[in-house]
Amino acid sequence: MQRHLRQVKRQLYKNLFKSYQGWYGWHKLVKKYKLGNTAVILMPSCERDYNYNALLYLDQMLLSRKFDNAVILTHSAVVMKSASLFSDKILGVEKFSRKHAEQLMQYYCLYEFDKRLIVASLDEPNGRNGSVLIGKKGTTLEEIFVIGVYRVYPYNQRPAPKYSGGDKEIEQFLNPAGGASNAG
């Protein structure tokens, strides 16, 4: 019993320290971008469908939730290269490591500290389990993402942006094999 209690305490301290690091990282971002009415979109994974829908519906979310612009936090190289194709309201795209994303999400789990932070995932932070809804009564990943994560309802389906460059990675991100961006 004593050993188990020590493990619980250790995990609580680790989580608290991660939360503190997340707090520190958040405040560095706020100062760097002088965030006013700016949404901060955290893309914690390299999951193509989440990142694609986060970028595709960014302008609708900004308009619906009355934000002026957005900052993207990601560790996905293709998102960093292609974000500007989706919106002209992106102030910046920050390379944000998985470790920093986990710290920020740990702080976010502590309490909802700022409505400007939006975690672009159906399954993160811990406790979210939106991906189990895909396919229920014909619901698509796209619908769950736009309505559940971005809180935009109703929403207008959007086509992929046009890209005429030669980067194969961007072309595949915009038009994956099979063509359906909302497939689960």
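Counting begins at 1 with the first residue of the sequence.
Between His75 and Ser45, the closest heavy-atom pair is CE1-CA, 3.9 Å. Shortest non-hydrogen contact noted between Leu56 and Pro159 is CD1-O, 3.3 Å.
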Identify all side-chain donor-acceptor contacts of residues 79-89 below 3.5 Å with residues at least two apart in sequence or on another chain.
| unit_1 | atom_1 | unit_2 | atom_2 | d |
| --- | --- | --- | --- | --- |
| Lys81 | NZ | Asp167 | OD2 | 3.0 |
| Lys81 | NZ | Glu169 | OE1 | 2.6 |
| Ser82 | OG | Val78 | O | 2.7 |
| Ser87 | OG | Asp59 | OD1 | 2.6 |
| Ser87 | OG | Lys89 | N | 3.0 |

side-chain contact (heavy atoms from CB on, under 4.5 Å) between Val40 and Leu35, worked out: CA-CA 9 Å; Val40 177; Leu35 296 180; 3.6 Å; yes
CA sep, side-chain torsions, deciding dist, call: Glu171, Asn175, side-chain hydrogen bond (donor to acceptor under 3.5 Å, both in side chains): CA-CA 6 Å; Glu171 288 175 4; Asn175 303 303; over 6 Å; no
Steps toward side-chain contact (heavy atoms from CB on, under 4.5 Å) verdict (Val119, Val149): CA-CA 7 Å; Val119 181; Val149 175; over 6 Å; no
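With a 6.0 Å radius and a threshold of 12 heavy atoms from other residues, nucleotides or ligands, Asn129 has its CG atom above the threshold. For Phe113, the CZ atom sits in a packed shell: over 12 heavy atoms of surrounding residues, nucleotides or ligands are nearer than 6.0 Å. In the displayed structure, Arg98 atom CZ is contacted under 6.0 Å by more than 12 heavy atoms of other residues, nucleotides or ligands. Heavy atoms from other residues, nucleotides or ligands lying under 6.0 Å from CZ of Phe17 number 12 at most. The 12-atom threshold is exceeded at NE2 of His27, counting heavy atoms of other residues, nucleotides or ligands nearer than 6.0 Å.
Both cation-pi conditions hold for Arg48 and Tyr52: the charged atom is under 6.0 angstrom from the six-membered ring centre and inside a 45 degree cone around its axis.
The aromatic rings of Phe145 and Tyr50 sit parallel to each other, their planes meeting at less than 30°, with 60° as the upper class boundary.
Separation of the Tyr107 and Trp26 ring centroids does not fall under the 6.0 Å cut-off.
For Gln103, the side-chain contact (heavy atoms from CB on, under 4.5 Å) partners are Lys18, Gln21, Lys99, His100, not counting sequence neighbours. Qualifying side-chain contact (heavy atoms from CB on, under 4.5 Å) partners for Ala77, counting only residues two or more places apart in sequence or in other chains: none. Ile147 pairs by the side-chain contact (heavy atoms from CB on, under 4.5 Å) definition with Tyr153, Tyr155, not counting sequence neighbours.
Rounding to the nearest 0.5 angstrom, the gap separating the OG1 atom in Thr140 from the CG atom in Leu133 is 11.5 Å.
Both Val93 and Met61 belong to a common hydrophobic cluster when Ile, Leu, Val, Met, Phe, Trp and Tyr are linked at side-chain heavy-atom distances under 4.5 angstrom. Linking Ile, Leu, Val, Met, Phe, Trp and Tyr whenever their side-chain heavy atoms come within less than 4.5 Å puts Phe67 and Ile41 in one cluster.
Sequence neighbours left out, the pairs with a member in residues 26-39 that pass salt bridge (Lys or Arg N to Asp or Glu O under 4.0 Å) are Lys32-Glu94. Residue pairs meeting the salt bridge (Lys or Arg N to Asp or Glu O under 4.0 Å) criterion with at least one member in residues 104-113, sequence neighbours excluded, are Glu112-Lys115.
The pair Arg128-Glu124 fails the salt-bridge criterion, with no side-chain N (NZ, NE, NH1 or NH2) lying under 4.0 Å from an Asp/Glu carboxylate O.
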